[in-house]
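Right, one structure below, let's go through it.
Here the structure is a predicted model, which means the values were calculated and not measured.
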Amino acid sequence: MTQPVVAIVGVGKTGLAQAQAALFGRQGFQIALLSRDENILKQTADDLQHQQINATIFPVDLTKAATIDEAFDQVKQLGQLTAVIFNATFRPGIKPRALTAETAETGMLIGAVAPVAVAHAAIPALLESSQPTALLFTNSIAATKPSTGAPLQSMEKAAMKNFVLALNQDLAKTNIFAGQVTINTYIRDGHRENQDPVNIAKAYYKLFTEREPVDLAYHDLIKEDY
């Protein structure tokens, strides 16, 4: 049987993508890491290798849909694409009055348009699986509670939230589940348990296996021990 593949889009410094990769890797998935920063990609792949988890890196510019298509064409060569996790966001910390159209455009391309491009690139491969598959997205409480400190992230996440809800309905009669984890806490290793990315990652595997709810609110520990 072909080893299932999970593609994780958006590998940053919070440790969430790294924790997701480690968790899915322990469950028998081959890992595809897609992000812009090659240094973080390489470091993450090396760390996973030390855990005996196979990971392949794919540098990608999420502001350009063509590079997303190209990356997923390569991801499909690894095996059967079974899950996709979209983490990327753009949070420059600019207040509403200082936000420019240029910065807003960059943020929306990364946080609102790229999720659409990723779904479009992944769906044909996910449909080829004889098993249940999933498109999972990282959302934030900012989608419904905007603040002056992160107005652009609120815009991105509100747009993505509505896309995911509509996508789930559209895919309801297929083998693909579309859902999102809405995080209402900081992501910080070494602080409170519920903020530990290792614990937050459990919400994604829970959503992958249980396929409900469409919008999983995360603010406290997931009890399952994966």
side-chain hydrogen bond (donor to acceptor under 3.5 Å, both in side chains) evaluation trace for Asn39 with Gln43: CA-CA 6 Å; Asn39 290 328; Gln43 181 62 58; over 6 Å; no

Candidate pair Asp215 and Asn139, rule side chain to side chain contact (heavy atoms under 4.5 Å, CB included), full reasoning: CA-CA 9 Å; Asp215 188 353; Asn139 213 309; 5.7 Å; no

Evaluation steps, side chain to side chain contact (heavy atoms under 4.5 Å, CB included), between Gln18 and Val11: CA-CA 7 Å; Gln18 292 83 347; Val11 183; 3.8 Å; yes

Evaluation steps, side chain to side chain contact (heavy atoms under 4.5 Å, CB included), between Arg36 and Leu62: CA-CA 8 Å; Arg36 186 169 187 170; Leu62 293 179; over 6 Å; no

Worked check of side chain to side chain contact (heavy atoms under 4.5 Å, CB included) between Leu207 and Gln180: CA-CA 8 Å; Leu207 196 55; Gln180 60 193 341; 5.7 Å; no

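Taking the side chain as every heavy atom from C-beta outward, Thr89 and Ser140 never approach each other to under 4.5 Å. The closest side-chain heavy-atom distance from Phe208 to Thr82 is below 4.5 Å. When side chains are defined from C-beta on, Leu135 counts as touching Ile123, because their heavy atoms get closer than 4.5 Å. Residues Tyr226 and Lys206 meet the side-chain proximity criterion, which asks for heavy atoms closer than 4.5 Å. The shortest side-chain heavy-atom distance between Glu193 and Asp196 does not fall under the 4.5 Å cut-off. Side-chain contact check for Leu81 versus Phe72: some heavy-atom pair is nearer than 4.5 Å. Contact check for Leu48 versus Leu33: side-chain heavy atoms found under the 4.5 Å cut-off. The shortest distance between side-chain heavy atoms of Ser129 and Asn175 falls below 4.5 Å.
Summarising the local packing, CD of Glu224 is surrounded by more than 12 heavy atoms from other residues, nucleotides or ligands at distances under 6.0 Å. Around atom CD of Glu210, more than 12 heavy atoms belonging to other residues, nucleotides or ligands sit under 6.0 Å away.
Rounding to the nearest 0.5 Å gives a distance of 5.0 Å between CD of Gln30 and CG of Leu78. Of the inter-residue distances, the one linking Leu152 atom CG with Phe90 atom CZ reads 6.5 Å to the nearest 0.5 angstrom. Residue Leu126 holds its CG atom at 4.5 Å from CD1 of Ile176, rounded to the nearest 0.5 Å. Note that CD1 of Ile85 and OH of Tyr204 are 7.5 Å apart. Values are rounded to the nearest 0.5 Å. From Thr44, atom OG1 reaches atom NZ of Lys13 across 11.5 Å, with rounding to the nearest 0.5 Å.
Across all their heavy atoms, Lys76 and Ala121 have their closest contact at NZ-O, 3.3 Å. Between Ala22 and Ile53, the closest heavy-atom pair is O-CD1, 3.6 Å. Pairing each heavy atom of Pro115 with each of Phe137, the nearest pair is CB-CE2, 3.8 Å. Nearest heavy atom pair, residue Ile57 against residue Leu41, reads CG2-O, 3.5 Å. Here the closest non-hydrogen pair linking His219 and Asn184 is CB-O, 3.9 Å. Nearest approach of Ala178 to Val214, heavy atoms of both residues: O-CG1, 3.7 Å.
The closest donor-acceptor contact from the side chain of Lys157 to the backbone of Thr138 lies under 3.5 Å. No donor-acceptor pair under 3.5 Å is formed between the side chain of Gln49 and the backbone N or O of Ala55. With hydrogens and angles ignored, the 3.5 Å screen pairs no side-chain donor or acceptor of Asn194 with any backbone N or O of Leu221. With Ser154 contributing its side chain and Ala142 its backbone, the two residues share a donor-acceptor pair below 3.5 Å. Thr103 places no side-chain N or O within 3.5 Å of a backbone atom of Thr100 that could act as its donor or acceptor partner. A distance-only check finds no donor-acceptor pair linking the side chain of Arg91 to the backbone of Gly107 [under 3.5 Å]. Not a single donor-acceptor pair under 3.5 Å links the side chain of Glu38 to the backbone N or O of Pro59. Remark: the backbone N or O of Gln195 is not paired with any side-chain donor or acceptor of Asn199 at under 3.5 angstrom.
Residues Asn87 and Gln20 have side chains that bring a donor and an acceptor to within less than 3.5 angstrom of each other. Under the 3.5 Å distance criterion, with hydrogens and angles disregarded, no donor-acceptor pair is assigned to the side chains of Thr67 and Asp61.
The same ILVMFWY cluster, assembled from side-chain heavy atoms under 4.5 Å apart, contains both Phe177 and Leu216. Under a hydrophobic-cluster definition in which Ile, Leu, Val, Met, Phe, Trp and Tyr are linked whenever side-chain heavy atoms come within less than 4.5 Å, directly or via other members, Val6 and Leu34 are assigned to different clusters. Hydrophobic clustering (ILVMFWY, side-chain heavy atoms < 4.5 Å, transitive): Met160 and Val181 are in distinct clusters. In the hydrophobic cluster analysis, where Ile, Leu, Val, Met, Phe, Trp and Tyr join through side-chain heavy atoms closer than 4.5 angstrom, Ile110 is grouped together with Ile94. Criterion: ILVMFWY side-chain heavy atoms under 4.5 Å apart, direct or through other members. Under it, Leu109 and Met155 are not part of a common hydrophobic cluster.
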